Amino acid sequence: SLDGSGEGANNSAIIEARTVSAAGEDAYLSFKTVAATSEGADATESMRIDSSGSVGIGTSSVGTYTLNVDSGTKGLSNAEAGIYTKATRSGVTWNLVSNNTNTSTNTGTGIKFTSGDFDTGALIVRTDGTASSGDAAGYMTFHTSNNGSEDLAERMRIDSSGNVGIGTTSPSSTLEV
C-alpha cells in the first residue's frame, strides 16, 4: 500500500520522480520497495530509470549501460544470482538477442566477462562477409586474459564451416591445434 507521503515506514512500495539539481536537470524515477519480512522498515530503492532512459536494477549507479543489473549478495557463493529467464514453448527460446546493426565484414557482438573491474574473458561472434538477407556466415571466438595483461587474447575459433582452431585464427580442418 502507498500512503502518498513518499516517506516513512507505512509504505510497501513507492514510485518517486526526483531531480538531482534544483534546476530540474538529471531527473529520474525511483522505484522503492520493502521486503515482506521487513514490515515497518523504510522502503529502499530497487530500480531507477535515469533521464537518458537507462535502467538500474539493484543499483542507483546506472553508468554508461542501458541496463545495469546488480544482484548484490543474493544467493550463495557460486549461486545463480543474475538475470533469470524461462520459457515453455517448443523449439528454441532466444533469451538474449544481441544485435549489431552494422552488417559489414568482421562486425559482430559478444559477451565480456569481468572479475571486479578486470577483463577475464569474452565470447565474440562476427560476420565473415557482408550480410545481405537472412542469416550471415559467421565465426565465433573465445578469449581469455593473460595474468597482468589488460588485453583479451583469442584462444579458440569456430569458423563458418565448423572448423575449430585452438591457437590459430584460420583453422583448415575439423580440429586444428
Side-chain angles (χ1 to χ4, degrees), residues 1-104 106-127 131 135-136 138 140-145 149-152:
S1 66
L2 177 62
D3 72 4
S5 70
E7 299 296 335
N10 295 325
N11 295 306
S12 58
I14 301 168
I15 301 173
E16 296 177 324
R18 306 291 298 247
T19 57
V20 176
S21 69
E25 295 103 12
D26 297 326
Y28 64 91
L29 287 175
S30 175
F31 297 79
K32 297 181 176 184
T33 58
V34 175
T37 58
S38 302
E39 188 174 332
D42 286 341
T44 56
E45 187 171 73
S46 301
M47 183 174 82
R48 176 180 291 207
I49 303 174
D50 72 11
S51 60
S52 70
S54 295
V55 177
I57 300 174
T59 180
S60 59
S61 301
V62 177
T64 60
Y65 299 102
T66 302
L67 174 62
N68 184 346
V69 179
D70 183 349
S71 62
T73 58
K74 289 179 175 42
L76 304 172
S77 63
N78 299 324
E80 299 164 351
I83 300 172
Y84 172 79
T85 62
K86 180 178 181 180
T88 57
R89 62 177 298 254
S90 60
V92 174
T93 299
W94 302 103
N95 290 319
L96 174 64
V97 177
S98 180
N99 180 25
N100 181 345
T101 58
N102 183 337
T103 58
S104 303
N106 290 321
T107 60
T109 186
I111 301 171
K112 184 189 285 187
F113 302 94
T114 62
S115 180
D117 290 329
F118 301 100
D119 296 342
T120 57
L123 172 64
I124 301 171
V125 179
R126 299 177 195 256
T127 61
D135 296 337
M140 181 180 293
T141 56
F142 298 81
H143 303 253
T144 61
S145 177
S149 170
E150 293 290 324
D151 298 324
L152 292 174

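Quick caveat: nothing in here was measured; it's all calculated off a predicted structure.
- Rounding to the nearest 0.5 Å gives a distance of 6.0 Å between OG1 of Thr141 and CZ of Arg126.
- Of the possible polar contacts, one joining the Asn68 side chain to the Ser61 backbone as a donor-acceptor pair under 3.5 Å is found.
- Between Ala27 and Thr19, the closest heavy-atom pair is CB-CG2, 3.9 Å.
- Every residue two or more places apart in sequence or in another chain that forms a side chain to side chain contact (heavy atoms under 4.5 Å, CB included) with Val55 is listed here: Met47, Ile49, Ile57, Leu67.
- Of all heavy-atom pairs between Val62 and Ser54, the closest is CG1-CB, 3.2 Å.
- Interatomic distance, Thr44 OG1 to Ile14 CD1, rounded to the nearest 0.5 Å: 9.5 Å.
- Contact between Thr59 and Arg48 at its shortest, heavy atoms only, is O-CB, 4.5 Å.
- Considering only residues two or more places apart in sequence or on other chains, Thr109 meets the side chain to side chain contact (heavy atoms under 4.5 Å, CB included) condition with Ser98.
- In this structure, the side-chain hydrogen bond (donor to acceptor under 3.5 Å, both in side chains) partners of Ser30, at least two apart in sequence or on a different chain, are Glu45.
- For the side chain to side chain contact (heavy atoms under 4.5 Å, CB included) test, residues two or more places apart in sequence or in another chain that qualify with Phe113 are Ile111, Thr120.
- Between Leu152 and Gly121, the shortest heavy-atom distance links the atoms CD2-N, 3.6 Å.
- Distance check: Phe142 CZ to Leu123 CG gives 5.0 Å after rounding to the nearest 0.5 Å.
- Under the rule for a side-chain hydrogen bond (donor to acceptor under 3.5 Å, both in side chains), Thr107 has no partner lying at least two apart in sequence or in another chain.
- Taking all atoms of both residues into account, the shortest heavy-atom contact from Asn100 to Gly108 is ND2-O, 2.9 Å.
- Smallest separation of non-hydrogen atoms from Val34 and Ala43: CG2-CA, 3.4 Å.
- With sequence neighbours excluded, the residues satisfying side-chain hydrogen bond (donor to acceptor under 3.5 Å, both in side chains) with Asn106 are Tyr139.
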